[in-house]
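Notes for the one structure printed next.
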Amino acid sequence: MLKISDMRYKQIWQKWNDFLNISFLSGFVENIRTINGRIFFDLRQTAFISHGLKVVLDKGIYLPAAIIEGAPVKIYTRLQQDVECEYKSLILRPIYCARASLHEIPSENNFLSIGRDSKHKIINPYVTLDQLSDMSRQKQHNHVKKFQNNIEVAGFVRAKKRVADDCTEFDIWNQKDRILPVRIYGKGSILNHDALKLLRPIKLQGRVEVKEIMINEQPQKQIYIRAENIVHPLIGKEIPKDAPQWYLDAVDDLKNAATGHIKIKDTGIVQEEIENNPVIDETELSDDNLPKDLFKSDEEIRFE
């Protein structure tokens with residue numbers, strides 16, 4: 001996990017395997033569990049249990065003492081393909097967990113209504129999941145928008161298809177044999193569909209969302225990126241300056257397919273252990289590896 005003293009090295013810890021991959025989310029902790037020595041929990045931003053986002057900590061990493069069941073939390077996290085899924089979905093792999101600040105969890109702002117003659121005797125510093133469930137749909141929607149849910153990810157376009165007149169679905173690649181599912185809706189889908197060329201480098205800005213999909217006639221939860229803006233990435237800062245070998249192999253495969261010389265390769269999901277790919281390499285943050293003049297201030301990292 002990141003230390004507070006490492007926060008100022010933003011240009012380093014926002015990247016994973018040389019690709020920009022960072023998300024800032026807040027919500028409530030639910031369903032904390034331990035599987036094979038690794039801590040899992042769901043991050044909830046709505047009253048619907050099925051909307052929980054799957055969070056997986058590195059082996060040997062523990063939650064802070066204040067982060068308990070139902071507690072408000074903020075995380076800085078990587079997005080990674082859920083390799084245990086038979087379909088394309090995401091998991092959140094945090095590099096920082098802490099209590100959410102005042103502007104990261106919605107509040108009813110009714111503290112003055114608590115008094116000697118009031119029927120409201122309990123202090124509620126923030127809106128709880130139970131309170132969200134009791135609200136009208138419109139009021140709940142307004143509160144949900146106050147949670148933090150901002151992602152920035154760079155990678156290469158892997159595949160795309162038009163699933164509706166106002167929705168384009170595509171994948172991006174930023175690790176070998178790992179893909180991230182993405183959807184873009186509305187006008188952005190129409191404008192960007194033709195520009196999303198295979199293997200084109202892009203940077204996404206958007207949010208993480210949950211959608212119910214049917215797999216073998218059974219409803220399943222898919223966590224995906226909802227892209228709100230697609231831009232060119234900065235070479236050397238958001239994607240590597242030198243193309244990784246797996247990208248060069250993909251280009252060769254595309255050329256061979258175009259000429260009829262198709263290589264037979266295993267395209268199945270890689271079922272490797274997640275712990276073999278830690279979310280943060282602490283050696284990158286050692287004093288010997290950090291540029292001395294990279295940052296001119298020690299300003300606090302905040303959600304934008």
Side-chain angles (χ1 to χ4, degrees), residues 1-2 22-85 87 89-108 122-137 139-151 180-181 206-213 215 218-226 274-275 279 303:
M1 286 286 187
L2 278 178
I22 192 68
S23 302
F24 305 99
L25 294 100
S26 66
F28 295 101
V29 175
E30 189 176 64
N31 191 21
I32 301 175
R33 56 209 183 270
T34 302
I35 303 175
N36 297 326
R38 181 185 302 277
I39 295 177
F40 293 68
F41 68 87
D42 295 332
L43 183 72
R44 289 271 303 279
Q45 295 185 326
T46 75
F48 302 102
I49 296 176
S50 61
H51 287 183
L53 303 173
K54 184 178 178 181
V55 182
V56 184
L57 273 62
D58 276 352
K59 204 163 190 177
I61 300 299
Y62 300 93
L63 288 170
I67 307 304
I68 59 176
E69 196 78 20
V73 65
K74 67 177 177 183
I75 62 173
Y76 303 173
T77 184
R78 317 290 195 196
L79 299 182
Q80 181 183 315
Q81 180 184 359
D82 189 346
V83 297
E84 297 179 352
C85 256
Y87 52 91
S89 188
L90 300 175
I91 58 174
L92 279 57
R93 299 195 55 203
I95 60 174
Y96 180 72
C97 291
R99 279 188 286 184
S101 61
L102 296 182
H103 65 280
E104 293 158 350
I105 296 290
S107 169
E108 282 286 76
I122 299 175
I123 299 174
N124 291 318
Y126 47 80
V127 173
T128 65
L129 287 175
D130 289 340
Q131 288 174 318
L132 279 176
S133 302
D134 294 336
M135 292 178 184
S136 66
R137 181 173 295 272
K139 191 173 182 180
Q140 181 180 149
H141 179 69
N142 292 337
H143 276 300
V144 168
K145 290 191 296 184
K146 298 175 184 177
F147 289 101
Q148 300 300 311
N149 190 338
N150 304 305
I151 73 106
L180 307 179
R207 56 191 292 112
V208 181
E209 292 194 349
V210 179
K211 183 179 179 67
E212 185 179 275
I213 60 175
I215 302 293
Q218 295 294 323
Q220 303 288 344
K221 179 174 71 174
Q222 182 190 44
I223 302 173
Y224 68 96
I225 297 170
R226 178 167 182 161
I274 293 177
E275 56 258 34
V279 293
F303 289 125

Provide the closest heavy-atom pair for [X] versus [Y] in the form atom of the first, atom of the second, distance.
| X | Y | answer |
| --- | --- | --- |
| Ser23 | Ile151 | OG-CG2, 3.1 Å |
| Ala71 | Ala66 | CB-O, 3.7 Å |
| Gln45 | Phe147 | O-CE1, 3.3 Å |
| Gly70 | Phe28 | O-CD2, 3.5 Å |
| Arg99 | Ile67 | N-CD1, 3.9 Å |

Distance from [X] atom [atom1] to [Y] atom [atom2], nearest 0.5 Å?
| X | Y | atom1 | atom2 | value |
| --- | --- | --- | --- | --- |
| Gln220 | Glu212 | CD | CD | 9.0 Å |
| Leu180 | Leu90 | CG | CG | 5.5 Å |
| Thr77 | Ile22 | OG1 | CD1 | 7.0 Å |
| Ile39 | Ile32 | CD1 | CD1 | 8.0 Å |
| Leu53 | Phe41 | CG | CZ | 10.0 Å |
| Lys221 | Cys85 | NZ | SG | 9.5 Å |

[Y] backbone acceptor or donor facing [X] side chain under 3.5 Å:
| X | Y | value |
| --- | --- | --- |
| Ser26 | Gln148 | yes |
| Glu104 | Leu25 | no |
| Arg33 | Asn31 | yes |
| Thr46 | His51 | no |

Is the closest basic N to carboxylate O distance between Glu209 and Arg207 below 4.0 Å?
->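 Looking at Glu209 and Arg207, the cut-off is met.
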
Sub-4.5 Å side-chain heavy-atom contact between Cys97 and Met1 =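 Cys97 reaches Met1 side chain to side chain.
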
Check: Lys74 and Phe24 side chains under 4.5 Å, non-hydrogen atoms =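 No - every pair of side-chain heavy atoms lies 4.5 Å or more apart.
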
Partner of Ile223 under side-chain contact (heavy atoms from CB on, under 4.5 Å), chosen from Asp82, Val210, Ile91, Leu79 =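 Among Asp82, Val210, Ile91, Leu79, the one that satisfies the side-chain contact (heavy atoms from CB on, under 4.5 Å) with Ile223 is Val210.
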
